[in-house]
Amino acid sequence: MYAQMVKADGKGVKSREEMDAEERAFQDKIDRDVKIEPKDWMPEAYRKTLIRQISQHAHSEIVGQLPEGNWITRAPTLERKAILLAKVQDEAGHGLYLYCAAETLGVSRDDLLDQLHSGKAKYSSIFNYPTLNWADIGAIGWLVDGAAIMNQVPLQRTSYGPYSRAMIRICKEESFHQRQGYDLITKMAQGTKEQKAMAQDAMNRFWRPSLMMFGPSDKDSVHSAQSMAWKIKINTNDELRQKFVDQTVPQAEYLGLEIPDPDLEWNEERQSYDYGEINWDEFYQVISGNGPCNKERLGARVKAWEDGEWFRDALTAHADKKAAKKKKQQQDAA
Amino acid sequence: MADKDALFKFLCRMGDNCLIIGHRNSEWCGHAPILEEDIALANIALDFIGQTQLWLGLAGEVEGEGRTADNLAYLRDAFDFKNFLLVEQPNGDFAQTLTRQMLFDAWHLPMLQALKESSDERIAAIAEKAVKEAKYHLERSRNLCLHMGDGTEESKRRMQDAIDLLWPYTGEMFKSDNVDEAMVAAGVAPDLADIKATWDNFMDEFFAEAELVKPENAWFQQGGKTGTHTEHMGFLLADMQFLQRAYPGATW
Ligand SMILES: [Fe+2]
Ligand SMILES: [Fe+2]
Ligand SMILES: [Fe+2]
């Protein structure tokens, strides 16, 4: 999931009796699946939590350009280069929709970006892992976009209108990415000895970080109850993680790739796969800035922003001059 | 019917220009000054990679030795690439990227417009498709260059520096050689003097509006069209061709 550590505001879920009339009307709407729109009344905590969630997601899309962008110049065929370019372009587009959705809640994109650049805002831990061989591009499409879809498909039904509509657009493209990623890694897994080794290496490195994308395990996921009552979170982290494992294991088997988890085993009783404990220390380290690529990723975004300042300033200055000229023409004509 | 060898070279020039400028644009991915430009640059790079597939695909067909567009893109060395020196110049700051793009687009659009009338139907068909994209490319690069020329003091200075830096690479686009002459004779491609007239007009109008200074450079760099490149080209290819070179015979 792209927003994996969203701290919910508010002091726990209120009972109906504790709510005032406005809050009760708001919660009733959500319970009846009526969408909340930007002009509607909403509790401040709902607004704040949503801003945090949507902007984490937006930042993830933007930072997510980097690990894949790392291979655009080295894509092995013209078609692969075009597919990867189109994919990374989509991710930037997702960032744009999501920043727009967040802006309907009364924040500006620039403020959100400042929070990203200062390190205050989070983005998905997955993008702090390096892309080291070409099969990683397949693994990302297959596993990372796959995990994102798991989380985002239910979010199409989220209570906040602009977020839900952004999710509907995004999900269509994400499933396309996943298919293309799977196609890429299939080529690798069925290719030469070296290509197979690359595919397995990618699998070895991306499997556990992909599982971490769903966020902490339910027992440690302190903010879920409120988010679920507000329908800005639909399923629990562990539910989605399990669904992802169950979906992905047969695909890996089909590819002949080994999943790097000795504890992975089909559980006949649960009709589901058991899997090994996730290294949560690593997860919290990566989330708090100590992953293998945190410094490079954030550094690259900050550099792009700072290097581009003169360009953005010039665009604004030009637009101002043009507006002033137009105004003067209108005055002269009057 | 045009001479096969000359036609092959001409098609490689068209394709290589698209490939290399597309590649350079793709290097920006994730690093552009604003999100909208990340999207625009990826979009333009995509257009050029698509055009490359068409031009180099046809080049391989004309050559008749079974080489595909990918073979030509990934398995030739620098001396066999026939793109202009202009398009292989590094991205530099965003002003350099925009300037490089405008200088090229202002050649590319009239070239494609003329190629729509090519005596070779396959070429006319590619031009027909590409011209729509080239129109948008030029509109965008021209507008942004104008805005940067008339933005802040800094943007104006950066634009002027970029123009001064890249101007010497523009002469090569109009220098006709025996390949170009053979194409003109066969009715395949236009006379470059005509393209130059259109380009000059465009630039005069641009400089009149932009309040930037048109360089008075009489000496032009050349060599790209015949395979003598700048030092940048080897590194670009090392990057681009890495997988095909390291794992020959693999399918991707
Ligand atoms: Fe995305
Ligand atoms: Fe996403
Ligand atoms: Fe995606």
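Here is the naming used below: chain letters follow the sequence lines, and residue numbers restart at 1 for every chain.
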So do Ile21(B) and Leu86(B) actually touch side chain to side chain, heavy atoms under 4.5 Å? no
Is it the side chain or the backbone of Leu66(A) that comes within 4.5 Å of chain B heavy atoms, both, or neither? side chain
Cut-off 4.5 Å, heavy atoms of chain A, and the answer for Phe94(B) is both
For Ala32(B), is it the side chain, the backbone, both or neither that has a heavy atom under 4.5 Å from a heavy atom of chain A? backbone
Which distance, rounded to the nearest 0.5 Å, do you find between the CG of Leu237(B) and the CZ of Phe81(B)? 5.0 Å
Which bit of Leu236(B) comes within less than 4.5 Å of chain A, counting heavy atoms only: side chain, backbone, both or neither? neither
Closest-packed option against chain B by number of heavy-atom pairs under 4.5 Å, given Ala314(A), Gly95(A), Gly138(A): Ala314(A)
Options Gly308(A), Gly64(A), Ala304(A), ranked by heavy-atom pairs under 4.5 Å with chain B, top entry: Ala304(A)
Need one label for Ile62(A): side chain, backbone, both or neither, based on atoms under 4.5 Å from any heavy atom in chain B. side chain
With a 4.5 angstrom heavy-atom cut-off, could you sort out which part of Ala246(B) is near chain A: side chain, backbone, both or neither? neither
Is there side-chain contact between Ile126(A) and Val286(A), with at least one heavy-atom pair below 4.5 Å? no
Where is the tightest heavy-atom contact between Pro67(A) and Ile140(A), given as atom of each residue plus distance? CB-CD1, 4.4 Å
Using non-hydrogen atoms and a 4.5 Å limit, figure out which bit of Leu46(B) sits close to chain A: side chain, backbone, both or neither. both
Distance check, rounded to the nearest 0.5 Å: Met203(B) atom CE versus Leu212(B) atom CG? 11.5 Å
Stepwise side-chain contact (heavy atoms from CB on, under 4.5 Å) test for Asp332(A) and Lys328(A): CA-CA 6 Å; Asp332(A) 291 350; Lys328(A) 189 167 180 301; 3.2 Å; yes
Closest non-hydrogen atom pair, Tyr163(A) against Leu50(A): CD2-CD2, 3.9 Å
Any chance you could measure Leu113(A), atom CG, to Gln115(A), atom CD, to the nearest 0.5 Å? 9.5 Å
Phe206(B) atom CZ, neighbour heavy-atom count above 12 within 6.0 Å: yes
Can you tell me how far SG of Cys100(A) sits from CD1 of Ile54(A), rounded to the nearest 0.5 angstrom? 11.0 Å
Best-contacting candidate, Gly69(A), Gly191(A), Ala319(A), Ala82(A), against chain B by heavy atom pairs under 4.5 angstrom: Ala82(A)
Is it the backbone or the side chain of Leu41(B) that comes under 4.5 Å from a heavy atom of chain A, or both, or neither? neither
Donor-acceptor table for chain A and chain B, threshold 3.5 Å:
| residue | atom | partner | partner atom | Å |
| --- | --- | --- | --- | --- |
| Thr73(A) | OG1 | Asp239(B) | OD2 | 2.9 |
| Ala75(A) | O | Tyr74(B) | OH | 3.2 |
| Pro76(A) | O | Gln244(B) | NE2 | 2.7 |
| Thr77(A) | O | Tyr74(B) | OH | 3.2 |
| Leu78(A) | N | Asp70(B) | OD1 | 2.9 |
| Leu78(A) | N | Tyr74(B) | OH | 3.4 |
| Arg80(A) | NE | Trp252(B) | O | 2.7 |
| Arg80(A) | NH2 | Trp252(B) | O | 3.2 |
| Lys81(A) | NZ | His23(B) | ND1 | 2.9 |
| Gln89(A) | NE2 | Ile39(B) | O | 3.3 |
| Arg109(A) | NH1 | Glu36(B) | OE1 | 3.2 |
| Arg109(A) | NH2 | Glu36(B) | OE1 | 3.4 |
| Arg109(A) | NH2 | Glu36(B) | OE2 | 2.5 |
| Gln195(A) | NE2 | Thr251(B) | O | 2.8 |
| Arg301(A) | NH1 | Gly30(B) | O | 2.4 |
| Arg312(A) | NH1 | Pro33(B) | O | 2.8 |
| His318(A) | ND1 | Asp150(B) | O | 3.3 |
| His318(A) | NE2 | His147(B) | NE2 | 3.3 |
| Lys321(A) | NZ | Asp150(B) | OD1 | 3.2 |
| Lys321(A) | NZ | Gly151(B) | O | 3.0 |

Distance check, rounded to the nearest 0.5 Å: Cys145(B) atom SG versus Ile163(B) atom CD1? 6.5 Å
Most chain B-contacting option - heavy-atom pairs closer than 4.5 Å, from Leu78(A), Leu85(A), Val63(A): Leu78(A)
Walk me through whether Ile185(A) and Leu257(A) qualify under side-chain contact (heavy atoms from CB on, under 4.5 Å). CA-CA 10 Å; Ile185(A) 203 155; Leu257(A) 293 177; 4.2 Å; yes
